[in-house]
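Read through the structure below, which is laid out as C-alpha cells, and then see the notes.
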Amino acid sequence: AKNDHRGVAVATGDAADVAGRQRLTTLEELRTGLDRRELTLHYQPQMHLGTGVVTGVEALVRWDHPRRGLIFPDVFLPLAEHAGLMGRLTLQVLDMALEQCRDWRADGLELVVAVNLSASNLQDATMPGHVADALARYDVPPAALHLEITEEILMRDAARATVVLAELRAMGVRLAVDDYGTGYSSLAYLHALPVDDLKLDRAFVTHCDTDPRSAAIVKSTVELAHNLGMRMIAEGVESEAALSRLREWDCDLVQGYHLSRPQPADRLATWLRERQP
Ligand code: C2E
Ligand code: CA
Ligand code: CA
Ligand code: CA
C-alpha cells in the first residue's frame with residue numbers, strides 16, 4: 001500500500017510538473033503573441049428579428065499562432081486572466097474591433113460592434129478612460145460600441161463593477177449581461193446595475209423550439225427584459241424553428257450558427273453584401 005501510495009504520488013508529481021512546464025511555455029508564448037499582435041478577431045452577426053436587418057456583430061478573439069494555427073479563446077483566456085494579461089488583451093481587442101468598425105462605417109456598413117469584457121477589466125478603474133481613448137482614436141460614436149459582461153463576472157464584485165459600468169454607460173456605450181441565466185442569478189443586480197440588454201445563454205435558446213422548459217424560460221426572459229426597459233438578445237440560435245419561435249415571442253435580436261458562424265471581417269462584409277444588396 002505504501003509503495004502504491006508513493007507510486008501514485010510520484011506519478012501525480014510528474015504530471016503536475018509537465019502541466020506546469022506547459023503552462024509556462026504557453027504563458028511566455030502568449031506574452032510574445034501579444035507583443036507581436038498575433039490576436040485576431042472573428043465577427044458573428046446579430047440580426048434584428050423585427051426587421052431582419054443585421055445591426056451589429058460580436059467580436060470574438062482568436063490567437064493566430066504561428067505554429068499551432070488558430071487557437072480558440074477557451075484555451076488562452078483563462079491563462080491571460082490568471083497571468084494578469086487581460087487588461088492588455090482587452091485593449092488590443094478593443095483597438096482591432098473599433099478600427100474595423102470605422103472601416104465598415106467608411107464603406108457604408110453601419111454596424112455596431114460588441115466586445116466582451118473580462119472579470120479584471122471591471123475591477124480596473126482606468127478601463128473607461130481607455131475605452132474613451134479608443135473611441136476617439138477611431139472616431140467611432142460611443143453608441144456603436146456594445147460591451148458584454150457575463151452574469152458571473154457581474155456578481156463577483158458588483159459594487160466595484162457598478163462604478164466602472166456606470167462610467168462606461170455615461171459615455172453612451174451600451175452594456176449587455178452575457179450568458180444570462182447561467183450565473184447565480186439574482187434579480188437584485190438586474191435592479192441595481194446599469195445595463196441595457198439581456199443576452200440569454202444559448203443553453204436555453206438552442207432547443208427552445210422543442211423543449212417546453214427552455215421555451216418557458218425564453219418567453220419569461222423576453223418579458224422580464226422588456227418590463228425592465230431592456231432588449232433581449234438570444235444567442236446560440238441554430239435552426240429556423242428556434243428562430244421563428246423567438247420571433248413569435250418578441251425577442252429583439254438573434255445570433256447563432258443558423259445565421260452565420262463567426263468569420264473574419266472581409267468574409268463577413270461579403271456575406272453581408274450578398275445578403276442585403
Ligand atoms: P460568448 O461571449 O458567450 O460568445 C459566444 C460563443 O458561442 C462563441 O464562442 C461563439 O463562436 C459561440 N457560438 C455562436 N453561435 C453559436 C451557436 O449557434 N451554437 C453554438 N453552440 N455556439 C455558438 P467562442 O468564439 O469560442 O468564444 C468563447 C467565449 O470566449 C465567449 O463566449 C467569451 O466568453 C469569450 N471571449 C471571446 N472573445 C473574447 C474577448 O475578446 N474578450 C473576452 N474577455 N472574452 C472573449
Ligand atoms: Ca459574448
Ligand atoms: Ca454568451
Ligand atoms: Ca459563453
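Both counts, for ligands and for their atoms, begin at 1 and track the order of listing. Side-chain atoms are counted along with the backbone in the values below, which use heavy atoms only and exclude waters and symmetry mates.
- Counting only protein atoms, the N, O or S atoms lying less than 3.0 Å from the Ca ion (ligand 2) are Glu58 OE2, Asn116 OD1, Glu148 OE1, Asp178 OD2, ordered by chain and residue number.
- In this structure, Ala114 and Glu148 approach most closely via the heavy-atom pair CB-OE2, 3.6 Å.
- Side-chain contact between Trp249 and Cys208 is present, with at least one heavy-atom pair separated by less than 4.5 Å.
- Taking every heavy atom of Met86 and a limit of under 4.0 angstrom, the matching atoms of ligand 1 come to 44 (N).
- Side chain of Thr206 to backbone of Ala203: no donor-acceptor contact under 3.5 angstrom is found.
- Short contacts between ligand 1 and Glu235, defined as distances under 4.0 Å to a heavy atom of the residue, involve ligand atoms 3 (O).
- A salt bridge links Arg68 and Glu29; the closest N-O separation between the charged side-chain nitrogens and carboxylate oxygens is under 4.0 Å.
- Residue Asp179 has at least one heavy-atom neighbour below 4.0 Å for each of these atoms of ligand 1: 3 (O).
- At a heavy-atom cutoff of 4.0 Å, ligand 1 is contacted by the backbone of Val237 but not by its side chain.
- Here Arg261 has no heavy atoms under 4.0 Å from ligand 1, in either its backbone or its side chain.
- Summarising the geometry of Leu98 relative to Leu135, their closest heavy-atom pair is CD1-N, 3.8 Å, with the distance given to 0.1 Å.
- Nearest-heavy-atom check against atom 36 (N) of ligand 1 across Leu77, Leu117, Val61 picks out Leu77.
- The closest side-chain heavy-atom distance from Asp252 to Ile233 is not below 4.5 Å.
- For atom 19 (N) of ligand 1, the nearest non-hydrogen atom from the set Glu238, Glu152, Gln44 comes from Glu238.
- Note on residues 57-66: pairs passing salt bridge (Lys or Arg N to Asp or Glu O under 4.0 Å), not counting sequence neighbours, are Glu58-Lys199.
- Under the 4.0 angstrom criterion for non-hydrogen atoms, Gln255 is not in contact with ligand 1.
- Under a 4.0 angstrom heavy-atom cut-off, Lys199 registers as lying outside contact with ligand 1.
- Counting heavy atoms only, Arg202 comes closest to atom 12 (C) of ligand 1 of the residues Arg62, His258, Arg202.
- Listed here is the closest heavy atom pair of Gln255 and Pro45: CG-O, 3.6 Å.
- With hydrogens and angles disregarded, no donor-acceptor distance shorter than 3.5 Å links the side chain of Ser214 to the backbone of Thr210.
- Per-residue contacts place Val93 under 4.0 angstrom from the following atoms of ligand 1 (heavy atoms of the residue considered): 41 (O).
- Side-chain atoms of Glu152 and Thr182, non-hydrogen and from C-beta on, never get closer than 4.5 Å to each other.
- Contact atoms of ligand 1 toward Glu58: 2 (O), 4 (O) (distance under 4.0 Å to a heavy atom of the residue).
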